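Taking it in order: structure first as structure tokens, then the write-up.
Proteins get letters first, then strands, A, B, ... in listed order; numbering begins at 1 in each. Quick caveat: nothing in here was measured; it's all calculated off a predicted structure.
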2 protein chains.
Amino acid sequence: MSLPSSSLTKIIEEYITELLEENEIGEVSLRRKDLAERFGCVPSQINYVLRSRFAPENGFLVESQRGGHGYIKVIQLTFNNCDEEVVHLADLVGNAITEQEARKLLVNLKNREVISPRERLIIEVALRSQEENGRSLFDISPYRRDLMRAELLKKILTSLALG
Amino acid sequence: MSLPSSSLTKIIEEYITELLEENEIGEVSLRRKDLAERFGCVPSQINYVLRSRFAPENGFLVESQRGGHGYIKVIQLTFNNCDEEVVHLADLVGNAITEQEARKLLVNLKNREVISPRERLIIEVALRSQEENGRSLFDISPYRRDLMRAELLKKILTSLALG
DNA sequence: TTATTATTGACTTATACTGACCAAAAATAT
DNA sequence: ATATTTTTGGTCAGTATAAGTCAATAATAA
């Protein structure tokens, strides 16, 4: 019966999200040290929040610079063709997907202009690379490779959908 | 909480970039001492800006001459097509590349509009996915992960170049 | 309990900026 | 012509600042 204790991570996440919303352009620059001070935590906590909440899989990009005048910039990508379509297709991927099925799906997406030819190329290269590593470097079973392929594909598709 | 203040380096960088844009030909001649005076800094600061912002990997060449009527000339390289440049950048990746270095490179490519934000997002997701697998699933050493990261990045960049 | 997620702090790395000293080219004096 | 002086720019090492990494620990969820 305890109240949901709002975690620090959640609070910081909400703060950054708020800043992003205020800032029309969908990006905001931060000082890691200042943020840490404001929320009374250690600076590396900020890295944890960024890693776990503002990851590319979630449609965010993070740029940063160390040293004097250092900063952390969080960018929220917004695509105009932000489709439930893509989300739906991510569902279609399911838990496991073969190379053939994956390729078919990508061709389909390309034909419907949900992704560009270049984007399709990048995705295919990434999938193939993982396949190769799984097969010859780590000796992963075919089925497990199908699982991993589905994982990667879903991550990529949802990252595009969330943008 | 203060926003990151603009650094001297950034200001000088912007000034030079502006001069380059005004000057159709894509090159501009400077006096180190004058620049230093204008921005109230030590002359070697100008060298720092040139080294860190107008380096060949950013698509610039710098020529200079000492002595009376000495000068510094900044030349902006123009590529016939972006893809030519992508091949060059694949070389820059080298055999091994850290997460930080990879991100810097992608930011650079994005700023120069060699890749789109969506393309960058996909690439980041792919790199991160491989990193995660390598780290927690297969227990790959950090250095080997740098090797694998370089491999994947080069595959993607060259595929874009050849596509 | 066991697994996952959150938090911390010691250590590492990257960037900005300065100033003292070095090197080269042109102008001037001999 | 040659040497000297003046006018540029170059290099490097030191200092300050700020972010990143990693592994150990704590808290929470399953």
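A search for ring-ring contact (aromatic ring centres under 6.0 Å, His included) contacts involving B/Phe60 returns B/Phe54, not counting sequence neighbours.
Rounded to an integer number of Å, the gap from B/Lys33 NZ to D/dT6 C1' is 11 Å. Atom CZ of B/Phe39 and atom P of C/dT18 are 13 Å apart (whole Å). Put simply, CZ on B/Arg66 is 10 Å from P on D/dG9, counting in whole angstrom units. Counting to the nearest Å, the C1' atom of D/dC22 and the CD1 atom of A/Ile46 are 17 Å from each other. The separation between A/Glu37 atom CD and D/dA18 atom P is 11 Å, rounded to whole Å. A/Gln45 places its CD atom 17 Å from the P atom of D/dC22, with the value rounded to the nearest Å. One atom, CG of B/Asn47, and another, P of C/dG19, lie 15 Å apart when rounded to the nearest Å. Between the C1' atom of C/dT15 and the CZ atom of A/Arg31 lies a distance of 12 Å, rounded to the nearest Å.
Within the 4.5 Å cutoff, the side chain of A/Leu109 has no heavy atoms near those of the A/Asn111 side chain.
The phosphate of C/dA6 has OP1 or OP2 within less than 4.0 Å of a side-chain N or O from A/Arg53. A close approach under 4.0 Å does not occur between any side-chain nitrogen or oxygen of A/Thr9 and OP1 or OP2 of C/dT5. Residue B/His69 places none of its side-chain N or O atoms closer than 4.0 Å to OP1 or OP2 of D/dG9. Between B/Lys104 and C/dT15, a side-chain N or O to OP1/OP2 separation shorter than 4.0 Å is present. Listed pair A/Ser64 / D/dG20 meets the phosphate criterion, a side-chain N or O lying under 4.0 Å from OP1 or OP2. For D/dT21, the OP1/OP2 oxygens have a side-chain nitrogen or oxygen of B/Gln100 closer than 4.0 Å. Under 4.0 angstrom from either OP1 or OP2 of C/dA16 there lies at least one side-chain N or O belonging to B/Tyr48. For B/Arg51 and C/dA16, the shortest distance from a side-chain N or O to OP1 or OP2 is not below 4.0 Å.
The residue A/Lys10 sits apart from the nucleic acid: no heavy atom pair falls under 4.0 Å. Nucleic acid contact for B/Leu8: sugar-phosphate only, since backbone atoms but no base atoms lie under 4.0 Å from a heavy atom of the residue. Within the 4.0 angstrom heavy-atom criterion, only backbone atoms of the sugar-phosphate kind lie near A/Gln65; the bases stay farther away. The residue B/Arg103 sits apart from the nucleic acid: no heavy atom pair falls under 4.0 Å. Using a 4.0 Å heavy-atom distance criterion, A/Gly70 is classed as a sugar-phosphate-only contact.
Between the side chain of B/Ser44 and the base of C/dG19, at least one donor-acceptor pair of N or O atoms lies under 3.5 Å. The base of D/dT8 lies outside donor-acceptor range of the side chain of B/Arg32, with no N or O pair under 3.5 Å.
B/Arg128 has no carboxylate O lying under 4.0 Å from a charged side-chain N of B/Glu132, or vice versa, which leaves the two without a salt bridge. Between A/Lys154 and A/Glu57 no salt bridge is recorded (no basic side-chain N to carboxylate O distance below 4.0 Å).
When the nearest nucleotides of DNA chain D are assigned to A/Gly68 and B/Glu131 by heavy-atom distance, the more 5′-ward of the two goes with A/Gly68.
One side chain, B/Thr9 or B/Gln45, offers a donor N or O that lies under 3.5 Å from an acceptor on the other.
When all heavy atoms are compared, the tightest approach of B/Ile46 to B/Ala36 is CD1-N, 4.1 Å.
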